[in-house]
> 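Would you mind keeping the following structure in view while I ask a few things?
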Amino acid sequence: MSQSNTVTHSDAALADRDDPAVIEEESVGLEPVALENGRAAAQTWRAFRREPLGMLALGVLILLTVVAIAAPLIAPYPPSYGEVVLAPPGLQHWFGTDSLGRDVFGEVVWGSQQSILVAVAASAIAIVVGTVIAVVGAYFRRLDGFISVVVDLTLSLPVLPLMILIAALVGPSTTTIILVVAAFSWPEVTRLVRSQALTVVRLPYVDAARLMTTSPLWIIVRHVVPAVTPVIVVSVVVTASRAVLSAAGLAFLGLGDPNVWSWGRILYEAQQSGAMSSAWWLTLFPSLAILLLVLSATLLSIAYNDARNPKSRRR
């Protein structure tokens, strides 16, 4: 009798193991953080899709990226000079021509490549450097004081004059612009990520992870970085928009790469030719492109913040 009961209980246990609900409970017990992150990401995406401005901003950013990638298929590369000088927008030249007869539409299309390249590369470098410094400082509290002083000191510096000085000394090039913009962008990333990381490292599951392993790298990569990922995503968008503005400002001052078209270079050449006030289209279209990119990035970050906020999802 007892043997039959034992067999019955064993069969029931095996059946329970095949039950999806039991499997889910066991997996939750094994990796609660990973599953919570997955559920939070799915909820955030569902909430984000209900944000019309966020979806519109995402569509504009995707469109600008497609234009930059497909630039050779959209417009020919602007030549050294053209036949019709300072022609207003029309059927032949949609955005008009500049003081040398070059098509402004082609300049704006090809300028999107350099502008987006600077935004992506500079923000990527700033995010990696800023995030590493932030999580290391939050985890190793002995380094946090020194890192805080360095970040505060860097943020107090006059950024634009230093950018101009460094770019002028090193020489105008796309690599110089990327490195200069990234060098003055990582402190803001560190400050944002650090504030979140300081809260994460005090949570119980991080204390439990310390009992499981003595490797700080494993804990940081496995638990701390995933917890601060939402802040990193916002930092990527904000840093990219600031990189576009900084690169356009340097190019407008004549410190951009003279061999590559950019939206800032279009404005610089319009100012140098003296046609900025008379030919309105020379400043309108590249300025609109910069505005679209920066405004879309800003709206995207706002919509993402609202989507990942539980209070906003209940509305």
> Report yes if the side chains of Leu58 and Tyr304 come closer than 4.5 Å at any heavy-atom pair, otherwise no.
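They are not in contact (no side-chain heavy atoms under 4.5 Å apart), so the answer is no.
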> With a cutoff of under 4.5 Å between side-chain heavy atoms, which Ile, Leu, Val, Met, Phe, Trp and Tyr residues group with Leu73?
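Leu73 shares its hydrophobic cluster with no other residue.
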> Can you tell me how far CD1 of Ile177 sits from OG of Ser246, rounded to the nearest 0.5 angstrom?
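If we round to the nearest 0.5 Å, Ser246:OG and Ile177:CD1 are 10.0 Å apart.
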> Using the side-chain contact (heavy atoms from CB on, under 4.5 Å) criterion, which residues pair with Thr131? Sequence neighbours excluded.
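Partners of Thr131 by the side-chain contact (heavy atoms from CB on, under 4.5 Å) criterion, ordered by chain and then number, come out as Ile127, Val135, Val189, Val193, Ile232.
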> Do Arg141 side-chain atoms and Gly137 backbone N/O form a donor-acceptor pair below 3.5 Å?
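Checked: no pair found.
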> Measuring only between side-chain heavy atoms, which start at C-beta, is Trp186 closer than 4.5 Å to Ile125?
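Heavy-atom side-chain distance check fails, nothing below 4.5 Å.
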> Backbone N or O of Val225 within a donor-acceptor pair of the Thr229 side chain at under 3.5 Å?
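Pair found, side chain donor or acceptor close to backbone of Val225.
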> What residues form a side chain to side chain donor-acceptor pair (under 3.5 Å) with Ser301, not counting sequence neighbours?
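Ser301 satisfies side chain to side chain donor-acceptor pair (under 3.5 Å) with no residue once adjacent residues are dropped.
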> Once you round to the nearest 0.5 Å, how far does CG of Leu250 lie from CG of Leu160?
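The distance works out to 7.0 Å.
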> For residues Ala182 and Ala122, report the shortest heavy-atom separation together with the two atoms involved.
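Looking at all heavy atoms of both residues, the closest pair is CB-O, 3.6 Å.
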> Quick one: side chain to side chain donor-acceptor pair (under 3.5 Å) partners of Thr154, sequence neighbours excluded?
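By the side chain to side chain donor-acceptor pair (under 3.5 Å) rule, Thr154 matches no residue at all.
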> Within the distance-only criterion (no hydrogens, no angle test), does the side chain of Thr190 pair as donor or acceptor with the backbone N or O of Gly130 below 3.5 angstrom?
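Checked: pair present.
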> If you look at every heavy atom in Gly171 and Thr176, which pair is closest and at what distance?
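What the structure gives for the nearest pair is O-OG1, 3.1 Å.
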> Does any non-hydrogen side-chain atom of Gln113 lie less than 4.5 Å from one of Leu117?
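Result no, sub-4.5 Å side-chain heavy-atom pair not found.
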> In this structure, would Trp218 and Ile220 fall into the same cluster of hydrophobic residues linked by side-chain contacts under 4.5 Å?
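Yes, Trp218 and Ile220 fall within the same hydrophobic cluster.
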> With sequence neighbours left out, what residues match Leu299 under side-chain contact (heavy atoms from CB on, under 4.5 Å)?
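By the side-chain contact (heavy atoms from CB on, under 4.5 Å) rule, Leu299 matches Ala57, Leu295.
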> In Å, rounded to the nearest 0.5 Å, how long is the span from CH2 of Trp263 to CG of Leu292?
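Rounded to the nearest 0.5 Å, the CH2-CG separation comes to 8.0 Å.
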> Check which hydrophobic residues are tied to Leu165 through side-chain heavy-atom contacts below 4.5 Å, counting indirect links as well, and list them.
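Leu165 clusters with Leu169.
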> Which heavy atom of Ile266 sits nearest to which heavy atom of Pro286, and what is that distance?
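In terms of heavy atoms, the two residues are closest at CG2-CG, 3.8 Å.
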> Who passes side chain to side chain donor-acceptor pair (under 3.5 Å) against Glu188, sequence neighbours left out?
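Per chain and number, Glu188 pairs via side chain to side chain donor-acceptor pair (under 3.5 Å) with Arg191.
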> Got a second to check how far Thr65's OG1 is from Ile116's CD1, nearest 0.5 Å?
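The distance works out to 4.5 Å.
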> In Å and rounded to the nearest 0.5 Å, what is the CG to CD distance from Leu253 to Gln271?
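Those atoms lie 9.0 Å apart.
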> Please answer whether the main-chain N or O of Leu293 pairs with a side-chain N or O of Ser296 as donor and acceptor at a distance below 3.5 Å.
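It does not hold such a pair.
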> Listing request: all side chain to side chain donor-acceptor pair (under 3.5 Å) pairs with a residue in residues 247-261, at least two apart in sequence or in separate chains.
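For residues 247-261, and leaving out neighbouring residues, the side chain to side chain donor-acceptor pair (under 3.5 Å) pairs sorted by first residue read Thr174-Asp257.
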> Got a sec, which pairs hit ring pair (Phe, Tyr, Trp, His ring centres under 6.0 Å) with one end in residues 102-146, sequence neighbours left out?
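Listed by first then second residue: Tyr77-Trp110, Trp94-Phe105, Phe95-Phe105.
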> Mark yes or no for whether Thr97, through its side chain, and Leu86, through its backbone, hold a donor-acceptor pair below 3.5 Å.
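It does hold such a pair.
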> Transitively linked via ILVMFWY side-chain contacts under 4.5 Å: Val66 with Leu300?
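The answer is yes; both residues are in one hydrophobic cluster.
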> Can you tell me how far apart CG (Leu53) and OG1 (Thr298) are? Round to the nearest 0.5 Å.
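Atom-to-atom, Leu53:CG and Thr298:OG1 are 12.0 Å apart.
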> If you compare all heavy atoms of Gly106 against all heavy atoms of Ala75, which two are closest, and at what distance to 0.1 Å?
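Smallest interatomic distance, heavy atoms only, reads CA-CB, 3.9 Å.
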> Leu267 versus Ser287: any side-chain heavy-atom pair under 4.5 Å?
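They are in side-chain contact.
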> Answer yes or no: is there a donor N or O on one side and an acceptor on the other, between the side chain of Ser156 and the main chain of Leu153, under 3.5 Å?
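Side chain of Ser156 to backbone of Leu153: a pair is present.
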> Which atom names give the shortest non-hydrogen contact between Ala183 and Pro187, and what distance separates them?
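In terms of heavy atoms, the two residues are closest at O-CD, 4.2 Å.
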> Decide whether Ile302 and Leu56 are clustered together by the hydrophobic rule: side chain heavy atoms of Ile, Leu, Val, Met, Phe, Trp, Tyr closer than 4.5 Å, transitively.
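No, Ile302 and Leu56 fall in different hydrophobic clusters.
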> Quick one: closest heavy-atom pair of Val200 and Val224, and the distance?
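Scanning both residues, the minimum pair turns out to be CG1-CA, 4.1 Å.
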> So if you build clusters from Ile, Leu, Val, Met, Phe, Trp, Tyr with side-chain heavy-atom gaps below 4.5 Å, do Val118 and Tyr268 land together?
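In one cluster: no.
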> Under the side chain to side chain donor-acceptor pair (under 3.5 Å) test, which residues partner Ser148, sequence neighbours left out?
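Side chain to side chain donor-acceptor pair (under 3.5 Å) list for Ser148, sorted by chain: Arg194.
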> Quick one: hydrophobic cluster around Val260, which other residues, with the 4.5 Å side-chain cut-off, linked directly or via members?
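When side chains under 4.5 Å apart are linked, Val260 ends up in no cluster with other residues.
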> Listing request: all salt bridge (charged side-chain N to carboxylate O under 4.0 Å, His left out) pairs with a residue in residues 261-271, at least two apart in sequence or in separate chains.
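Residue pairs with at least one partner in residues 261-271: Arg102-Glu269, Arg265-Glu269.
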> When clusters are formed by joining ILVMFWY residues with side-chain heavy atoms under 4.5 Å apart, either directly or through shared neighbours, do Ile69 and Ile74 land in the same one?
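The answer is no; the residues belong to distinct hydrophobic clusters.
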> List the steps, then state whether side chain to side chain contact (heavy atoms under 4.5 Å, CB included) holds for His93 with Val104.
CA-CA 8 Å; His93 301 284; Val104 178; over 6 Å; no
